[in-house]
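Have a look at the structure below before the remarks.
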Amino acid sequence: MSHIFTALPQVLVDGLTLGAIYAVVALGYTMVYGILELINFAHGEVFMTGAFIGTGLLLSLGMFGIDMPAWITLILILIMTALLTGLLGIGIERLAYRPLRKAPKLIPLISAIGISFILQDLVRFVAEMKTGNYIVTGTTLFEGKFTIPFSSIIGSFQNATIKTNTIILIGITIVIMILLDIFVNRTKWGTAMRAVAQDQETASLMSINVNKVISLTFFIGSAIGGATGFLFAQQYATIDPYIGFILGLKAFTAAVLGGIGNIRGAMFGGLMLGVLEVFAAANLSTLTGGVLGSEYKDVFAFAILILVLIFKPEGLFGKSVKEKV
Amino acid sequence: MTKRALLEMSQVSAYYDQIQALQDISLEVNMGEIVTLVGSNGAGKSSTLKAICGQIKTSGTISFLGNDISKLPPHQTAKLGVAHVPEGRRIFPKLTVKENLEMGAFQLKSKKDIEQQMELVYQYFPRVKERLHQKGGTMSGGEQQMLAIGRALMSKPSILLLDEPSMGLAPIIVEQIFEIIQELNQTGMTILLVEQNAYQALSIAHRGYVIQTGKIILTDSAQNLLENKQVTEAYLA
Amino acid sequence: MSLLQIKGLTKQFGGLTAVNQVDISIRPKSITAIIGPNGAGKTTLFNLITGIYKPDKGSISLAGTSLLNRKPNQIAGLGIARTFQNIRLFKEMTALENILVGMHNHLTSNLFGTLFRLPRVRLEEQNAAKHAYQLLETVHLADKCNELSKNLSYGEQRRLEIARALATKPKILFLDEPAAGMNPKETKELTDLITQIRNDFDLTIILIEHDMKLVMKISEEIIVLDYGQRIASGNPDEIRTNPRVIEAYLGKGAVS
Amino acid sequence: MIRMDKWIDTFQKNRTSQFIVLGLFILVSSASVYFLERSVTAFLLLLGSLLLLHYTHLTNRTKWIVGLLLLVVIIPLATSGGTSQQDYMEVAVQTGIYVAMALGLNIVVGFAGLLDLGFVAFFAIGAYTYGIFASPQATQLFHSDFFPLAGTWFWPFILIGGFMAAIFGILLGIPVLRVKGDYLAIVTLGFGEIIRIVFNNMDKPVNITNGAQGLSQIQQPEIFGFTFSLASQFYYIVIVILLVIIIGVQRLEHSKLGRSWKAIREDEIAAQSMGIPLVKTKLWAFALGASFSGMMGVVFSAKNMFVDPSSFTLIESITILVMVILGGMGSIPGVILGAAVISVLNLQILTEVTNFLTQNISIPDTLSPTKMQRLIFGVILVLIAVYRPKGLITAKAKQYDPAKLAEQPISDK
């Protein structure tokens, strides 16, 4: 049992890395849900598409022999990816959700699943056409590694290693989260977004163009989701068209955990789920005496989702609302 | 008839699902008037206001300041200067009072304009100023109604559409609200008022329309309507 | 002896006390109206009695049986039926099917009987359909029996909702703003209908209504709520002249 | 032009002429299936005759007789003409299995309005129930000579598989049904995945499911010494189960329970106020829907003689959902049509088109239509949601005869 404790620093580092990804993807779910009360099932696929777009851009830069400092390349690709996936998000909303605003709730969920499938296959086509395989391994911009000397803080801890990539990933996600928080809480359009989320009809009476605000929401959510996709590809090197689905589901879990519609909650939920999951993967076998292995880490995430939805559907930070009769 | 019609509806009809909510409604509101629309629950009072600001689809023409606004969506009619204070106040409960007011001024570009309107709102509603950083949902019904009217004033509107401002409020508060409506009017604001409380509405209005099952059945000066036997029997007894 | 007995009923939402220490006692076979300004807690009161909300304090009992801690379907089974302020019909079902759903508690067929289509079940279904048709006749909707309820007009939908509630064979029928959105002619017909079903079905009726004409005409007892509290009760004449009621609800106009 | 209209009008009313046209259609299509070698078009036309039958104005009884005749006699006979009989029958069996599952899911989604994205889990329960006991896995598990069960046990296991699935439906339903609307979809999806992962990993600490390797050597059904091994023989098992299921759901649809489901779908609060217990009614939907899947799971494992977790992925659940939505939620004929269209599309048309394309023009393997299943489903889902949310055949409410209703009820006391 003692190695659970000694390995804790590494678990924490890995968990926070995964958690940061969950958190940013969860923001996309939570923003859309907040405004339309719709689970944007396709959001995981937008993340995946972002991973491919980013990796594709990086590979083609290499092909054209364009050589820039790594950090400029990174920022350039992040911006391009965000722009493209943001537009993709707007397109998805126009095509699959806007015509269904007044339909029963089941119907947009169905078109969302449809969009998910379409994206998975389209990305697979393109990947297979270009590289001959739908599993793609990209080049890594930053190769470095560090050791964080946890053992010098508490003797029984082992040191944790952390990649340069990971530091960049965590850094950028923190920047994204802070910027989004400022945007939503401090700016005119951010306030308009919250107003539309609370009462679309009344917001339109304030001369707020509701459709525009909804498009903006999809743009932002998808842009940061797609950009995170590229960071994910950099972190874990290999991507395939099916990474978005389960990751999306977990990010959604994170959003629910933090109280869906609640942006700060989603950030917290993501980090918490990431750490819990990595902890479970590393220690489930030890904790259950070998009965459950790390294969059950996904079960663990779903179990959290189900438990939260059943016992505290408003999330850890949400307030429950009563249906109006 | 030298007065200029600010808002004019002619032959406006509207449907909710398959049910006809408005039937050939024609009415006009002149600059500087308080016009009230009285009628029973479900007669089409709120629908008339919704038709004006574009929340429901209509046939017929609605013109405002000479523009045809009958096909415009709500955010565009709002930009032209129609401010609608909806039934049930509908303030944004999770936004602060200040944010609520800022949303009202969404179309104003300059900070100076916004601040100027804020000052104006504080003048009418000193209570609102005291609660600027409180969440809208935590205020009492009367305060919310004041905020809703204040929010509408933020857009520098040319006309104020008020839908049941007295709904669910204590008589004393209703009294205050009606006083403020009159005050607003005296400083030049044109007001179209929808009220269930017909007596009170008619006592501050210049003219009134009586609406029944989506049709206008009577129009006259407010004074005459107050004395009209048919009206007294149906809506005042 | 009162049929429905409510004591000290209280319900809070957040900081707002929607229903505050309300006592009500309803005589069998009476028609009672509950009036008051919007937001006075009338519909919340209905929702508390029918089990949709749980009260914070107080007691509700029907003929001596407590209704507290029972689910809405159990309360329906005890003999309380209702209509809704914002009409809640089963939209994609026909008028007749809506009524058949209302008969739920009085149909005995089980899975086995249904799957093997036992003669008993078939007979029960046929009879149920005929009873349902009779109920539609009562509310003058027999010709619309195969029509989807969403395609009925507003007034028809209100009447269908009443018939559906009657199908549960209730002891007490709660009507939440039955005349809302009706024109004077429809309201007049509704007034007659309510009196008629009270007599034909031996019912106790409690209604929330804003239309004072209707209220004054049919109610034997009127209860006035304001800010969640009962501020007055009595017969129509007493209410009409009660100064507190005039101030809180009827307005000064009523005095003249 | 007017004459034409008149002619169509007469045709619509004249049952005899409809009957003749239908007969001719069946004759021609079955003859082409019989004489042509592997003609997908002919086979589709033959199946299409069932749809045609649905749209005729024949009496219900005639429809049932003609339909049974088609399914039991004509289709098996017509496909027996060439070497591809087993291919056709394979498609028919798979289609039958999907139709049953789609009808099960239709109870949950179409009638009761509960979106279940993990429905294939119940199919897995059925398949594993039979698979474990009718394969050497049970010997290992119980150390008893009694196992594996002989093929004659297949018959009771159809019911046992259905029952097990129903039990799991209820066990899953009890916690899950507290969750509403689209949350329910996510939770059921999670449960579906959990069950698959669990089956995938239950080879340790005690080996129950044999993990990712799956169960092999599952016994084939046997009766009076006859063993079912060919698709054309399984066809009859599937047809019988399917008929029982269709009759069952038809009876349920317009029963007290069926109406309660729809009432809950339309408005939970109003349904409760009419005396309908929410949880119990929803659990019935879960249990009955699951049981159809469980039964077909047993057939599936017996037919393939092999089960592994890869047959029960999310895409399978979505496939079944696509069938229900394409056909028309809540519409029994619609759901049957939807299931048939999607299965035939998956099993037959996509393969044929791929073969055709690769033979005639060289297309990269990537773009082969068999690989485009997700894309096609995706497009179908979006198009249906946007343009035809009620599906190909919209659910119709039961029409009563006012004349009969006006009669006095017969006292049943």
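Reminder, nothing fancy here: chain letters follow the sequence lines and each chain counts from 1.
With a 4.5 Å cut-off on non-hydrogen atoms, B:Ile114 does not touch chain A at all. A:Asn211 does not touch chain B: none of its heavy atoms, backbone or side chain, sits under 4.5 Å away. Proximity to chain A is absent for every atom of B:Pro73, based on heavy atoms less than 4.5 angstrom apart. Residue A:Ala197: no heavy atom, backbone or side chain, is found under 4.5 Å from chain B. When heavy atoms are compared at a cutoff of 4.5 Å, B:Gln55 approaches chain A solely by way of its side chain, counted from C-beta outward.
Between the CE atom in A:Met206 and the CZ atom in B:Arg90 there is a gap of 10.0 Å [rounded to 0.5 Å]. B:Lys50 contributes atom NZ, which lies 5.5 Å from atom CD of A:Glu201 (distance to the nearest 0.5 angstrom). In this structure, A:Leu205 CG and B:His75 NE2 are separated by 11.5 Å, a value rounded to the nearest 0.5 Å. The line from CE of B:Met103 to CG of A:Asp199 is 13.0 Å long, rounded to the nearest 0.5 Å. Atom CG of A:Asn209 is separated from atom CD of B:Gln76 by 7.5 Å, given to the nearest 0.5 angstrom.
Summarising the local packing, NZ of A:Lys188 is surrounded by more than 12 heavy atoms from other residues, nucleotides or ligands at distances under 6.0 Å. Environment of NZ in A:Lys212: sparse, with no more than 12 heavy atoms of neighbouring residues, nucleotides or ligands closer than 6.0 Å. Environment of CE in A:Met80: sparse, with no more than 12 heavy atoms of neighbouring residues, nucleotides or ligands closer than 6.0 Å. The environment of B:Arg131 atom CZ is dense: over 12 non-hydrogen atoms of other residues, nucleotides or ligands sit within 6.0 angstrom.
Within the 3.5 Å criterion, the main-chain N or O of A:Thr191 finds no donor-acceptor partner in the side chain of B:Glu99.
If you tally non-hydrogen atom pairs under 4.5 Å between each of B:Ala83, B:Pro93, B:Gly104, B:Gly54 and chain A, the highest count goes to B:Pro93.
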